[in-house]
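Written out below as structure tokens is the structure these notes cover.
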Amino acid sequence: MQPLLIGDRLDELRAALTTTHTAQWRRLYEQCDWYRGQSPPTEHPTASITYFGPAAMNLALAYRLTRQPGYLAEARRWISTAVAFPHWGKAKLPDHDLDAGWLLHGLSLAYSWLRDDLPGDEADALRAKLLLQGERMYDFAVQTEGTWWSSSYWQNHNWICYTGLAAAGYVLDQRRLTGDLLQQWPSRSHSSVPSSSSSWRSTMTCLPAVHADALSLWQYWATVAGSSRCIGSRSMSWRVPQLARYGCASKYRSISLRGSPLKLPHS
């Protein structure tokens with residue numbers, strides 16, 4: 001079964017680590033090295049936990065590319081902590097907003113990239129958690145249609161939450177865990193934003209700068225929604241390691257995971 005976003009290009013991507021994409025690999029390596037020195041909270045803090053999603057995803061990608069066991073061990077540490085939280089999000093709309101959206105996205109990709117390398121009980125727990133959180137997100141989106149982010153197509157909350165829902169639907173449906181319900185998750189997410197690049201550009205032209213913090217997320221969502229193998233396009237093929245960047249690519253040049261900035265190489 002092909003991993004989401006990577007498809008059959010794994011050997012090509014591995015070869016690129018020492019040739020055309022050494023800078024991108026260095027960025028991912030530095031970020032994953034930083035995770036090793038962190039202690040994720042074992043109890044859900046009042047503050048945001050959005051950073052758990054990129055952490056799981058980045059570590060999973062590093063392991064997929066290198067097969068180094070240290071990355072797998074770190075990914076398991078971050079994933080197991082997030083899975084143990086009864087809810088994703090505490091201060092605002094638990095299970096229904098940015099915390100849940102970021103974690104659904106990141107942990108879904110981590111599941112797609114690691115599931116065959118995780119111990120059986122951990123893979124089962126992660127799969128069950130994604131299913132639970134996806135159901136909570138989907139139910140909220142349906143029940144609140146016409147209000148807040150569910151129908152606010154220009155809102156970063158809409159893009160991020162539907163990004164997570166789509167990713168979960170794709171990776172869970174690949175395992176044939178359920179039928180129609182999981183197929184509805186990507187379908188609903190896909191219909192929530194303009195489908196063409198021209199529509200995307202037109203919408204962005206009309207939006208004020210305050211909405212720019214999730215432009216990159218929408219671009220990544222378009223990748224997920226378009227195809228499970230679309231990492232092959234030249235323009236998108238190495239955006240995955242940069243998913244931890246919290247902001248618009250043209251505006252921000254550093255990553256900040258709750259107060260610990262790391263500089264990004266200028267493109």
Verdict with supporting geometry, Asp8 and Gln2, side chain to side chain contact (heavy atoms under 4.5 Å, CB included)
CA-CA 6 Å; Asp8 59 0; Gln2 301 290 358; 3.7 Å; yes

Do [X] and [Y] have side chains that get closer than 4.5 Å, going by heavy atoms?
{"X": "Thr144", "Y": "Thr147", "answer": "yes"}
{"X": "Arg64", "Y": "Leu114", "answer": "no"}
{"X": "Val83", "Y": "Leu130", "answer": "no"}
{"X": "Leu118", "Y": "Leu72", "answer": "yes"}
{"X": "Tyr162", "Y": "Asn158", "answer": "yes"}
{"X": "Leu17", "Y": "His21", "answer": "no"}
{"X": "Asp97", "Y": "Cys161", "answer": "yes"}
{"X": "Tyr63", "Y": "Glu74", "answer": "no"}

Hey, mind stepping through Trp113 and Leu109 against side chain to side chain contact (heavy atoms under 4.5 Å, CB included) and telling me if it holds?
CA-CA 6 Å; Trp113 296 338; Leu109 288 177; 4.1 Å; yes

With sequence neighbours excluded, what pairs up with [X] under the side-chain contact (heavy atoms from CB on, under 4.5 Å) test?
{"X": "Ala62", "result": "Trp25, Leu28, Cys32, Tyr71"}
{"X": "Pro41", "result": "Pro45, Tyr51, Phe52"}
{"X": "Asp124", "result": "Arg127"}
{"X": "Pro119", "result": "Arg76, Asp121, Glu122"}

Taking the six-membered ring for Trp, is the centroid-to-centroid distance between Phe140 and Trp148 below 6.0 Å?
no

Can you check whether Trp78 and Tyr35 have ring centres sitting under 6.0 Å from each other?
yes

Should Leu98 and His157 be marked as a side chain to side chain contact (heavy atoms under 4.5 Å, CB included) after you check the CA-CA gap, both sets of side-chain angles, and the distance that decides it?
CA-CA 6 Å; Leu98 298 182; His157 294 252; 3.4 Å; yes

Between [X] and [Y], is there a donor-acceptor pair closer than 3.5 Å when you use the side chain of the first and the backbone of the second?
{"X": "His44", "Y": "Gly89", "answer": "yes"}
{"X": "Trp88", "Y": "Gly101", "answer": "no"}
{"X": "Arg136", "Y": "Asp95", "answer": "no"}
{"X": "Lys129", "Y": "Pro86", "answer": "yes"}
{"X": "Ser112", "Y": "Ser108", "answer": "no"}
{"X": "Asp99", "Y": "Ile49", "answer": "yes"}

Can Leu65 and Leu10 be said to form a side chain to side chain contact (heavy atoms under 4.5 Å, CB included), step by step?
CA-CA 7 Å; Leu65 292 172; Leu10 186 57; 4.2 Å; yes

Restricting to non-hydrogen atoms, name the atom on [X] and the atom on [Y] that form the minimum distance, rounded to 0.1 Å.
{"X": "Ser151", "Y": "Gly146", "value": "OG-N, 2.7 Å"}
{"X": "Thr19", "Y": "Ala15", "value": "OG1-O, 3.2 Å"}
{"X": "Ala56", "Y": "Ala110", "value": "O-CB, 3.8 Å"}

Please report the interatomic distance [atom1]([X]) to [atom2]([Y]), rounded to the nearest 0.5 Å.
{"X": "Ile160", "Y": "Leu165", "atom1": "CD1", "atom2": "CG", "answer": "14.0 Å"}
{"X": "Leu103", "Y": "Met137", "atom1": "CG", "atom2": "CE", "answer": "9.5 Å"}
{"X": "Ser150", "Y": "Glu145", "atom1": "OG", "atom2": "CD", "answer": "5.5 Å"}
{"X": "Arg26", "Y": "Gln31", "atom1": "CZ", "atom2": "CD", "answer": "14.0 Å"}

Which residue pairs satisfy the salt bridge (Lys or Arg N to Asp or Glu O under 4.0 Å) criterion with at least one member in residues 34-44, sequence neighbours excluded?
Asp33-Arg36

With sequence neighbours excluded, tell me which residues meet ring-ring contact (aromatic ring centres under 6.0 Å, His included) with Tyr29.
none

